[in-house]
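Below is one structure, written out as structure tokens; the observations come after it.
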Amino acid sequence: MAQKGYIDLHVHGLGGFDTRTTVPGELMKLAVAQGRAGVSAFLPTIYSGPIDAMRGQMAAVCEAMCLQKTGAKILGVHLEGPFLSPKRAGAQDAGTFMRPTLSNLKKLISGFEGAVKVITLAPELSGALRVIERCASLGIRVNMGHSDATHAQAMAGKRAGASGVTHLFNAMRPFHHREPGLAGAGLLDEELYAEVIPDGVHLSAEVLRMVFKTKPEGRIILVSDAVKGPQYRKGVLQGGAVSLARGVGVLRGLGIGEKAIDRAARTNPARYLKGV
């Protein structure tokens with residue numbers, strides 16, 4: 001397996017393969033595609049869906065982890081749902097979203113607690129803070145995302161145990177000068193990690209420069225959020241169309257320092273998962 005490369009903590013698909021599968025071989029092919037694209041390790045990220053479907057996909061990831069002998073190392077699972085806000089669904093299927101309750105969490109992850117490394121949820125939803133606390137107690141990193149949270153609600157999520165923000169500025173309440181929301185929390189809080197999609201589409205060049213000027217370098221995590229299908233679906237941006245390595249190239253073209261890029265693409269994601 002590749003030993004020196006990027007660590008992608010949020011990727012749905014690449015090279016014609018994606019995580020909407022119950023076939024471990026498909027995920028191993030995704031791992032090979034990731035390895036060829038310069039990634040040494042990654043978290044297959046599962047879309048929101050019916051619990052049985054998500055569990056089937058998690059089982060496939062776990063089997064692929066045991067079987068794979070080549071490609072980027074599969075580190076576990078990132079669950080992007082189902083405890084998300086329908087107000088900020090983006091390209092996700094809001095019809096699959098559900099209330100964040102301890103009962104629903106148990107139904108979702110029972111038997112997979114060791115495989116789930118990151119879960120993205122909306123902290124403002126009723127019951128979310130208890131779910132955040134439980135996930136944190138299990139050693140699962142909680143990202144806040146697909147969320148209409150106010151700044152106060154985001155900080156309540158942090159106090160409950162959330163430690164990151166999923167694809168900063170995307171699928172969340174827009175930043176406003178009188179209500180910075182989750183975006184403001186992710187940008188300004190010095191402890192929260194923030195995923196950044198550096199493809200030049202999800203964030204403009206100016207915003208990418210702002211993030212690297214404002215956010216502590218040790219708290220930026222570059223992700224591809226790459227998807228198998230088209231980048232847009234029915235006019236909605238549904239994910240990345242390029243590998244993490246190509247996104248890094250975009251940042252270099254913007255004059256972002258090599259040290260900062262390297263930390264965000266290698267060191268910080270490794271640190272984020274440390275101990276998980």
Side-chain angles (χ1 to χ4, degrees), residues 9-10 78 80-81 83-92 94 97 100 118-133 135-136 141-225 236-237 239-240 247 250-251 254 256-257 260-261 263-265 268-269 271-272:
L9 301 187
H10 189 153
H78 178 167
E80 194 177 10
F83 309 127
L84 309 176
S85 169
K87 293 182 180 179
R88 303 294 173 187
Q92 293 249 29
F97 297 173
V118 179
I119 184 168
T120 293
L121 56 74
E124 75 277 12
L125 300 179
S126 176
L129 299 184
R130 293 185 66 192
V131 169
I132 292 172
E133 290 171 352
C135 288
R141 288 288 199 181
V142 179
N143 281 5
M144 297 179 284
H146 285 275
S147 165
D148 197 46
T150 64
H151 187 271
Q153 289 169 328
M155 298 313 292
K158 178 193 171 187
R159 289 192 295 272
S163 49
V165 176
T166 289
H167 42 52
L168 185 63
F169 290 110
N170 287 276
M172 62 186 64
R173 177 189 292 252
F175 182 92
H176 188 278
H177 56 282
R178 287 191 293 272
E179 175 47 73
L182 175 57
L187 180 66
L188 297 172
D189 189 276
E190 294 187 352
E191 295 177 333
L192 286 172
Y193 286 79
E195 287 186 358
V196 171
I197 305 174
D199 60 0
V201 176
H202 284 79
L203 299 172
S204 71
E206 294 78 11
V207 170
L208 286 169
R209 291 192 183 100
M210 178 184 71
V211 170
F212 275 88
K213 286 183 178 180
T214 306
K215 189 76 179 167
E217 284 185 7
R219 289 296 185 270
I220 301 171
I221 295 177
L222 299 182
V223 299
S224 69
D225 194 16
V236 177
L237 186 60
V250 170
L251 295 179
L254 295 177
I256 306 298
I261 292 174
R263 290 185 71 179
N268 296 343
R271 183 186 296 119
Y272 194 52

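Predicted model only: the values in this text are computed from it and were never measured. When a residue number appears, it is its place in the shown sequence, counting from 1.
- Counting heavy atoms from C-beta on, the side chains of Phe97 and Leu125 never come closer than 4.5 Å.
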Evaluation steps, side-chain contact (heavy atoms from CB on, under 4.5 Å), between Met172 and Val165: CA-CA 10 Å; Met172 62 186 64; Val165 176; 3.7 Å; yes
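- Between the side chains of Ser147 and Arg88, no donor-acceptor pair is found at a separation under 3.5 Å.
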Trace of the side-chain contact (heavy atoms from CB on, under 4.5 Å) decision for Arg263 with Ile220: CA-CA 8 Å; Arg263 290 185 71 179; Ile220 301 171; over 6 Å; no
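- Atoms CG and CG, on Asn268 and Leu222 in that order, are 8.5 Å from each other to the nearest 0.5 Å.
- Rounded to the nearest 0.5 angstrom, Leu182 CG and Glu124 CD are separated by 8.0 Å.
- Considering every non-hydrogen atom in both Leu187 and Leu168, the closest pair reads N-CD1, 4.1 Å.
- Here the CD1 atom belonging to Ile261 is positioned 6.5 Å from the CD1 atom belonging to Ile256, to the nearest 0.5 angstrom.
- Closest non-hydrogen pair, Cys135 versus Val142, comes out as CB-CG2, 3.6 Å.
- Relative orientation of the His167 and His146 rings is perpendicular, given thresholds of 30° and 60° on the angle between their planes.
- Met155 places a side-chain heavy atom less than 4.5 Å from the side chain of Asp189.
- Looking only at side-chain heavy atoms (C-beta outward), Leu251 and Phe212 come within less than 4.5 Å of each other.
- In this structure, the separation between NZ on Lys215 and CG on Leu192 is 5.5 Å, given to the nearest 0.5 Å.
- Of all heavy-atom pairs spanning Gly181 and Glu179, the tightest one is N-OE2, 2.8 Å.
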Step-by-step side-chain contact (heavy atoms from CB on, under 4.5 Å) determination, Tyr272 to Asn143: CA-CA 11 Å; Tyr272 194 52; Asn143 281 5; 2.6 Å; yes
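- With sequence neighbours left out, the salt bridge (charged side-chain N to carboxylate O under 4.0 Å, His left out) criterion links Glu191 to Lys158.
- With rounding to the nearest 0.5 angstrom, the CG atom of Leu121 is 5.0 Å from the CD1 atom of Ile132.
- Taking all atoms of both residues into account, the shortest heavy-atom contact from Ala154 to Ala185 is CB-CB, 3.9 Å.
- Using a distance-only test at 3.5 Å, with no hydrogens or angles considered, no donor-acceptor pair links the side chain of Gln92 to the main chain of Leu84.
- From Leu208, atom CG reaches atom CG of Leu254 across 6.0 Å, with rounding to the nearest 0.5 Å.
- Looking at Lys87 and Arg173, their side chains never come closer than 4.5 Å, going by heavy atoms from C-beta outward.
- Side-chain contact check for Ile197 versus Leu203: every heavy-atom pair is 4.5 Å or farther apart.
- Taking all atoms of both residues into account, the shortest heavy-atom contact from Pro123 to Ala149 is CG-CB, 4.0 Å.
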Stepwise side-chain contact (heavy atoms from CB on, under 4.5 Å) check, Thr214 with Leu188: CA-CA 7 Å; Thr214 306; Leu188 297 172; 3.8 Å; yes
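- Listed for the Gln153 side chain is a donor-acceptor partner under 3.5 Å among the backbone atoms of Thr150.
- Remark: the backbone N or O of Leu9 is paired with a side-chain donor or acceptor of His78 at under 3.5 angstrom.
- Partners of Glu190 by side-chain hydrogen bond (donor to acceptor under 3.5 Å, both in side chains), not counting sequence neighbours: none found.
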